[in-house]
Amino acid sequence: MSQVTRRIVRELHDEPHLEGRRITVQFLKEQVEGRELSPRTVADRHDLDVADVYRALTYYHDHPEEMRTIERQRQSAIEAHDHLTTDPDSVRD
């Protein structure tokens with residue numbers, strides 16, 4: 001477990017993430033709220049202080065419009081590049 005608490009910054013990919021790490025607020029939120037992992041488990045798996053996980057969750061919920069915009073941008077990028085991926089079922093044909 002890291003003993004360094006990290007700020008939320010936007011240095012990489014124009015998306016909020018933990019300072020000095022490539023771990024995004026969105027990723028941490030998905031781990032805790034989407035996969036239902038405890039903040040302690042997420043912190044331990046990624047060598048973070050548990051306060052960093054809570055800080056990311058707080059940021060996510062304090063900035064709902066920003067996070068919705070990021071989610072829409074991600075979905076748009078996925079849809080725009082979907083034709084470049086190979087469907088495993090079509091490879092087997």
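These numbers come from the heavy atoms of this one structure, side chains and all, not from hydrogens, waters or symmetry mates.
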Can you confirm whether [X] sits close enough to [Y] that some side-chain heavy atom of one is under 4.5 Å from a side-chain heavy atom of the other?
X: Gln26; Y: Glu71; value: yes
X: Leu28; Y: Leu48; value: yes
X: Leu57; Y: Glu33; value: yes
X: Pro16; Y: Ile70; value: yes
X: Glu15; Y: Arg74; value: yes
X: Thr41; Y: Gln31; value: no

Examine distances only and state if a side-chain atom of Thr58 and a backbone atom of Tyr54 form a donor-acceptor pair shorter than 3.5 Å.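 Side chain of Thr58 to backbone of Tyr54: a pair is present.
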Taking the side chain from Arg7 and the backbone from Glu19, do they hold a donor-acceptor pair closer than 3.5 Å?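 No, Arg7 side chain to Glu19 backbone: no donor-acceptor pair under 3.5 Å.
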Check: Gln75/Glu79 side-chain N/O donor and acceptor closer than 3.5 Å: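 A pair is found: one side chain offers a donor N or O, the other an acceptor, under 3.5 Å apart.
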Is the His17 to Phe27 ring centre distance short of 6.0 Å?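 That pair fails the under 6.0 Å test.
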Quick one: pull up CG in Leu37 and CZ in Arg45 and give me the separation to the nearest 0.5 Å.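 With rounding to 0.5 Å, CG (Leu37) is 5.0 Å from CZ (Arg45).
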Could you state the interatomic distance from OG1 (Thr24) to CZ (Arg10), rounded to the nearest 0.5 Å?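 With rounding to 0.5 Å, OG1 (Thr24) is 11.0 Å from CZ (Arg10).
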Would you sort out whether Val50 and Val42 count as a side-chain contact (heavy atoms from CB on, under 4.5 Å), showing the intermediate values? CA-CA 8 Å; Val50 73; Val42 174; over 6 Å; no
Do you know which two heavy atoms are closest between Arg55 and Asp52, and how far apart they sit?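 So the two residues come closest at NH1-OD1, 3.1 Å.
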Closest non-hydrogen atom pair, Val25 against Ala56: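 Val25 and Ala56 have their closest heavy atoms at CG1-O, 3.3 Å.
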More than 12 foreign heavy atoms under 6.0 Å from CZ of Arg22: is that the case here?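 No, because the 6.0 Å sphere around CZ of Arg22 holds 12 heavy atoms or fewer from other groups.
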Applying ring-ring contact (aromatic ring centres under 6.0 Å, His included), which residue pairs with at least one partner in residues 61-85 are found, sequence neighbours left out?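 Listed once each, the pairs are Tyr59-His63.
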Can you sort out the partners of Arg72 under salt bridge (charged side-chain N to carboxylate O under 4.0 Å, His left out), two or more places apart, ordered by chain and number?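 For Arg72 the salt bridge (charged side-chain N to carboxylate O under 4.0 Å, His left out) partners, ignoring immediate neighbours, are Glu65.
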